[in-house]
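Taking it in order: structure first as structure tokens, then the write-up.
In the text below, chain A, chain B and the rest are named by the order of the sequence lines, each starting its count at 1.
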Number of protein chains: 2
Amino acid sequence: MSAAVDTITVAVQRPHRADARRNFDALLTAARTAFAENGTEASLEDIARRAGVGIGTLYRNFPTRAVLIEAVYIDGAEDLVRAAAEVAGLPPWEALQRWLWRFVEYAATKKVLIEALNRESAMVRSCRDAFYNAGEPLLKRAQAAGEVRADTDIDDVMRLIAGVAGVTFPSAEQRQRVLAMAIDGLRLSRA
Amino acid sequence: MSAAVDTITVAVQRPHRADARRNFDALLTAARTAFAENGTEASLEDIARRAGVGIGTLYRNFPTRAVLIEAVYIDGAEDLVRAAAEVAGLPPWEALQRWLWRFVEYAATKKVLIEALNRESAMVRSCRDAFYNAGEPLLKRAQAAGEVRADTDIDDVMRLIAGVAGVTFPSAEQRQRVLAMAIDGLRLSRA
DNA sequence: CCTCAATGCGGAGGATGCCTCCGGTTCTAT
DNA sequence: ATAGAACCGGAGGCATCCTCCGCATTGAGG
């Protein structure tokens, strides 16, 4: 499991100087908040202001918007990867379901996830690979146990869940219900 | 069915003068193309250029970006509403499924749909109401026939399908497969 | 403690896009 | 043919993205 975590490569280096490190962290925090509120088109000038730094500082740390998005995206990804180990001991279907709901929670805390999933970059692929490495054993186990349809793979599943998790629902209740329906779709086979 | 079509109210008036009507149509066409390529953040100046008109003309016809998005969104909506009548004679599950795949096709031709579904405006509500009026009888019929889970409604279903239809898939094959899984999720009940 | 080089800073300025408004043009009803 | 309502394009103001430069700060080494 530790091996899975290590595969997430880091695109941006956290600076060496203490002041720069503080600014880096402040920018990440501000970006997380701004993206959660306004999506990934949130104004970078606004993010710099929120962090209490100049726009030059933002660009020095994150040369493009995409790099900033990815940095936010990777934040917390390790926790999700580790969560797979936490549920591994449960019965197959239960384990997979629990992990998928963790994935949905992760998605809820950052709107960038859905948009990032559609991006093609080394960093995103690295994270995606890590998620897939974490979740795939759970899926295969549930398939081997005859609890999940055989005609799907981890990429299908992640895209299905991510797509639904990205919808803005009027109520948490409905969100829960519709996501449950999507997850239930994993169970049925046309056989 | 004709009553359902009539409930779609029109937010923008098509102009009276011949030249203005031509420009209006050209703008709609250009917007459809630009949105399909770049999503709803596509440059309005680019759209005006594509249509061969000045930016002032774009704003005169569509006072805000939202109005333009909605105009594109409604385009073709009537066809989808009518499609419900075309499948009504089929067996319950078949009818619903056929219509949902029509919905997916409609979504594929314009990326704006997914984003529009998350917007709150009179026009969007009007279209959504029309879709729901069209699709709901099909859903209820399939539920009455015991072919669809009882714990869902047309709003759930539309959001589920729209969410998945909005994902960018690397292949049409995968898209097909994952959407089929989502639709299969309608069938299962926890009972 | 001091020095100095590497690291890091903010914001002015150029480019682009959104949006408004005004002088000029075109269309159509009479 | 004419008048006036409808319509036009694009300059200009504002916001945001992004770069670059003169100045400031940090921290390692002596």
5'-most by nearest nucleotide on DNA chain C - A18(B) or P63(B): P63(B)
Presence of salt bridge, E37(A) and R50(A), under 4.0 angstrom: yes
Step-by-step salt bridge (charged side-chain N to carboxylate O under 4.0 Å, His left out) determination, E86(B) to R82(B): CA-CA 7 Å; E86(B) 292 165 21; R82(B) 271 189 223 103; over 6 Å; no
At a cut-off of 3.5 Å, list every protein nitrogen or oxygen paired with a nitrogen or oxygen from nucleotides 6-10 of chain C, distance to 0.1 Å.
unit_1, atom_1, unit_2, atom_2, d
dT7(C), O2, R17(A), NH1, 2.2
dG8(C), OP1, H16(A), N, 3.4
dC9(C), OP1, N23(A), ND2, 2.4
dC9(C), OP2, R60(A), NE, 3.1
dG10(C), OP1, G54(A), N, 3.4
dG10(C), OP2, G54(A), N, 2.8
dG10(C), OP2, T57(A), OG1, 2.2
dG10(C), O6, R60(A), NH1, 3.4

Sub-4.5 Å side-chain heavy-atom contact between L160(A) and V167(B): no
Under-4.0 Å side-chain N/O to phosphate OP1/OP2 contact, T64(A) with dC18(D): no
Whole-Å distance separating the CZ atom of R49(A) from the C1' atom of dC17(D): 13 Å
Rounded interatomic separation in angstrom, taking CG from D46(A) and P from dC14(D): 20 Å
Verdict with supporting geometry, D79(B) and R102(B), salt bridge (charged side-chain N to carboxylate O under 4.0 Å, His left out): CA-CA 10 Å; D79(B) 288 344; R102(B) 275 299 296 271; 5.9 Å; no
Rounded distance in Å - CD (E41(A)) to P (dC18(C)): 14 Å
Nearest-Å distance for atom pair CD1/P, residues I47(A) and dA15(D): 18 Å
Electrostatic pair D151(B)-R177(A), nearest N-O below 4.0 angstrom: no
Distance in angstrom units between R14(B) CZ and dC7(D) P, rounded: 12 Å
R141(B) versus A95(B), closest heavy-atom pair with distance: NH1-CB, 3.9 Å
Can you give me the N/O atom pairs linking the protein to nucleotides 1-4 of chain D at distances under 3.5 Å, or say none if there are none?
none

Steps toward salt bridge (charged side-chain N to carboxylate O under 4.0 Å, His left out) verdict (D155(A), R159(A)): CA-CA 6 Å; D155(A) 191 46; R159(A) 288 178 186 272; 3.2 Å; yes
Sugar-phosphate, base or nothing in reach of A48(A), heavy atoms under 4.0 Å: nothing
Salt bridge (charged side-chain N to carboxylate O under 4.0 Å, His left out) between D184(A) and R187(B), worked out: CA-CA 9 Å; D184(A) 279 352; R187(B) 286 202 138 202; over 6 Å; no
Between dT19(D) (P) and R65(A) (CZ): distance, integer Å: 13 Å
More than 12 heavy atoms of other groups within 6.0 Å of R98(B) CZ: no
